[in-house]
Amino acid sequence: MRLLSLIILFSFICDSEALSFPKIHPIKYNNNYLLVEEHTLPIIDLRISFNYGSKNDLNNKGITNLAINLLGEQLLDGEKILNHFEKIGAQYSSTVTKDTSYVGIRFVNNPSNINNISYLLNHMLTKYSITPEAFSHKKELVLSSIKSRDLNPASLVSLRSEERFLIDTGYAHPVIGYKKTIELLDLEKATLHIKKIINKNNIKISIVGDINKNKATFMISKILNKVSDNPIIEMKNNVLNYSSDSEINYIYFDSVQTHISVIFPSVTRLNKNYFNILVANYIFGGSGFGSMLMSEIREKKGLAYSVHSYLMPYDEIGLMKIGMQTQNKNTKKAIVILKEQMMKLKEAKFSDEQINEAKTGLLRSFELRFDTNKKILRTLSAINELGIFDNYFINYENGIKNVTSESLSSAIKSEINFDNTLITTVGTN
Amino acid sequence: MPVSADLRFSDRVEEYYLSNKLKVILIEDKRSPIIVSSIWYKVGSSYEYEGISGISHVLEHMMFKGTKTMEPGEFSAKIKKIGGTENAFTGRDFTGYFQKTHKNYLDLCLKMEADRMRNLIFLQEEFKNEIEVVKEERRLRTDDNPTAKIFEKISNQAFGMRGYGVPIVGTMKDLNTISVADLKKWYLNYYVPNNAILILAGDFDKDKAKELIKKYYGGIKKAKVQDYLEKSNHKISFKNIKVEDKVSEPLVLMSFENMRFNEENRKENYVIELLMELMDGGFASRFTKNLIDDKSIALSTFISYDTYSRKRNLITIGGSPNKNISPEQLREALITEFTNLVEEGLYENELADVKSRLLANNIYKFDSVFYQVMQIGMLETKNLDWSMLDKYIHEINSITEHDLINAAKKYILKKDYIFTVIEPKKL
């Protein structure tokens, strides 16, 4: 492949000429349950999001990931729930991020599937029937993933840079945890944690596909029947504590390439300057070919296959990250170029043409992001999780349109702290 | 399980040829106002040989580096300006290029793609940088990746530097010697309309699309395509492979030689596909249920297999042993699963459950316009007709227990294989 997919978190763009915004319907008059009807294929995609991520792990680092992974392992009639899903051709998945966790199901629409899936999901959220065997197998798998992660330079650079940059916050540790913290977990702790996560007040549901409002209402009622309904315990706020010592954090690793990560503070998704920074990132390194980083590092110098920047707007802390990899001997040369480009970003001397092209590119790419049920669901659940359902599309469109040379320059000055940058390398250098 | 199975490509596909033998396939899908415009060339790593391995992939990179009418990078910049995405990919049997844009930009996509079918320029300065990018890609995807490295080694032992033994990205040795002259020769030979398939999918007006296709591609002359491959005498070797590398657990792989796909053995290949799905296709499959869940022999398992192969290929079965289990024990346990199927037959409802899964997956494939293009493109570049995708459900439904048992015997139990173990390197 010539290009790597670029990661642009929560960058769901709209366009003034867009012909078909998905129409979002709240279910049961509740903005936590959202539906987009799409009847051209007999497919339904459903995602249950829990407002609970690895940032809530506290001392049991990795416990949320392990707990969510165990949900589908529960037994029903002597067989795993996962197997029950498969038997009816349904695809189950689960994911944990630093802010959120979710389980998803894709299935073919027919009356028996709607009933069965609702029943199985409800069982999964209410019975807590995990066997010791399932627990120890999942634990072993996580421990194996931790070992693999530590043998992969790309994972390692991300891990070490975030540990250091996000120190003393819930975001510092990896989602899957550490060997020592996972080894201390047992089935009882995991089950208690599941009970903490599964709470009606923590849950949002997003549905896309061949289903109408009535059936979606039926499904949600059935899925959430008898799910616990306790008050949410507010967690402490996470504040960035990192203070740059201006040194590069070199980590030795026996590989042919050195992986380089650069992190500096940026905006959260709900920050008023989010759209200004989004446009800046597009010009800087978020839009592939033609972006400043791609042009200088790859197109002019041939130093890397992939180089990109992206925003990491966690709920409570926002970051901008640069990632690339190059053969070991070119590391220093690459870092010099990255620093030069960061200086240019800091100066924010973008032409009106550059800014307008970025705005147009972002706006026009909107419709491309809604061409499959899967992509619509991804957007819908992101909107749902962030609680920005009201006028989302209009706000997004206006947010991009209102970016000007002045607003962008001022946002970079006020929101990006270039003096607090962390550069980490993993390789033989 | 009642699953809707009435989604057919033939309800949405039209195909025809231009007079220069360019094959055109139109897939109508008006779910959203987008189009995917793609061109597929019948050339990839299986057309290559030692000395020029990776050349199809390098050429793919150079296709973005300017034509007689466009500056290097201009193609990408124009697509980016209209909010579109574009990419390219090289496989063993094909090289493909696509743009995904709003439906209003079909004209632009077709015009630019047709232009670079014949008008590519090869600037030495651009090549000098781009070949370094490709080497970085190889370092990233293969040299620092133990699994990719071992698959490259196994394929090479099985097929030599021919067919599916040639690494798509090329060997570093060959990347160091490929020249602009080599690339030009490759381009002029393979990038001709009679060696390409244009696939357009999404929301477009058919008549208008046909007009545009004729306008931009109709004037390009067909040309004779030369096959550069000489006869190879390479014989597969079943010698065991044992290496140490940066893996967290030992990794066991058993690679069985398998036939190429053609119309005559279509059913047999689908039986193998179903057999592999039954063994390792999901949470409820035999490897997971028996070896991971019940007996705790394996930590993980996998099967790597491509149903539609243009050349002889490999079915690779493997996994990582659990604690206190040796690679040998895992090897034996994996084979025993096939033996048990042969000796004891299927479990109750097992076949119906696997079929349900495959049939549902077949419906999910229609969610993505791009994926529809990929399915058809991959078949057509292997000289297989896209219409066999519509026969798939019927074929799968006709498979019996007897078929599966025969396939397990014939393609696994009675076959020799390359046994590979990667042991964790002591760091």
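Below, all heavy atoms of this structure are taken into account, side chains as well, without hydrogens, waters or symmetry copies. Every chain is numbered from 1, with letters handed out A, B, ... down the list of sequences. Small disclaimer: the values here were computed from a predicted structure and weren't measured.
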Option in G73(B), A284(B), G96(B) with maximal non-hydrogen atom pairs under 4.5 Å from chain A:
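If we count pairs closer than 4.5 Å to chain A, A284(B) comes out on top.
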Tell me, out of S285(B), G83(B), G202(B), G282(B), who's got the most heavy-atom pairs with chain A below 4.5 Å.
G83(B)
Do the non-hydrogen side-chain atoms of [X] and [Y] ever get within less than 4.5 Å of each other?
X       : Y       : result
R31(B)  : E38(A)  : yes
D353(B) : E86(A)  : no
N361(B) : Q91(A)  : yes
P42(A)  : I363(B) : yes
E73(A)  : F283(B) : no
D143(B) : S255(A) : no

List the atom of [X], the atom of [Y], and the distance in Å for their closest heavy-atom pair.
X       : Y       : value
V133(B) : G302(A) : CG2-CA, 3.7 Å
T372(A) : S368(B) : CG2-CA, 3.7 Å
A360(B) : G89(A)  : CB-O, 3.3 Å

Identify which part of [X] has an atom lying under 4.5 Å from any heavy atom of chain B, answering side chain, backbone, both or neither.
X       : answer
H259(A) : side chain
I43(A)  : side chain
L143(A) : neither
D150(A) : neither
L368(A) : both
T40(A)  : side chain

Hey, what do you get for [atom1] ([X]) to [atom2] ([Y]), rounding to the nearest 0.5 Å?
X       : Y       : atom1 : atom2 : value
S32(B)  : I376(A) : OG    : CD1   : 8.0 Å
D371(A) : I35(B)  : CG    : CD1   : 12.0 Å
S356(B) : K87(A)  : OG    : NZ    : 10.5 Å
N328(A) : R139(B) : CG    : CZ    : 9.0 Å
K301(A) : N129(B) : NZ    : CG    : 8.5 Å
F289(A) : F64(B)  : CZ    : CZ    : 7.0 Å

Counting heavy-atom pairs under 4.5 Å to chain B, which of L303(A), T131(A), L151(A) comes out on top?
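Option with the top pair count is L151(A).
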Out of N152(A), I146(A), N330(A), T326(A), return the one with the most heavy atom pairs under 4.5 angstrom to chain B.
T326(A)
Regarding [X] and [Y], is there a side-chain donor-to-acceptor distance under 3.5 Å anywhere?
X       : Y       : result
R364(A) : N104(B) : no
K81(B)  : T360(A) : no
Q325(A) : E136(B) : no

For [X], which atoms come within 4.5 Å of any heavy atom of chain A: side chain, backbone, both, or neither?
X       : value
I34(B)  : side chain
S320(B) : neither
Y364(B) : both
K323(B) : side chain
K135(B) : neither

Atom [atom1] of [X]: over 12 foreign heavy atoms under 6.0 Å:
X       : atom1 : result
E244(B) : CD    : yes
D11(B)  : CG    : yes
K30(B)  : NZ    : yes

Can you tell which of K374(A), K375(A), R106(A) makes a side-chain hydrogen bond (donor to acceptor under 3.5 Å, both in side chains) with D367(B)?
R106(A)
Would you please test K80(A) and D293(B) for side chain to side chain contact (heavy atoms under 4.5 Å, CB included) and show each step?
CA-CA 10 Å; K80(A) 285 182 190 177; D293(B) 294 346; 2.7 Å; yes
Mind telling me whether Y305(A) and H61(B) have parallel, tilted or perpendicular rings, with 30° and 60° as the class edges?
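Taking Y305(A) first and then H61(B), their aromatic rings sit tilted (interplane angle of 30° to 60°).
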Check K80(B) with E357(A), please: is the shortest side-chain N to carboxylate O separation under 4.0 Å?
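Result for this pair is no, no salt bridge flagged.
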Salt bridge (Lys or Arg N to Asp or Glu O under 4.0 Å) with R298(A): which of E132(B), E130(B), E137(B)?
E130(B)
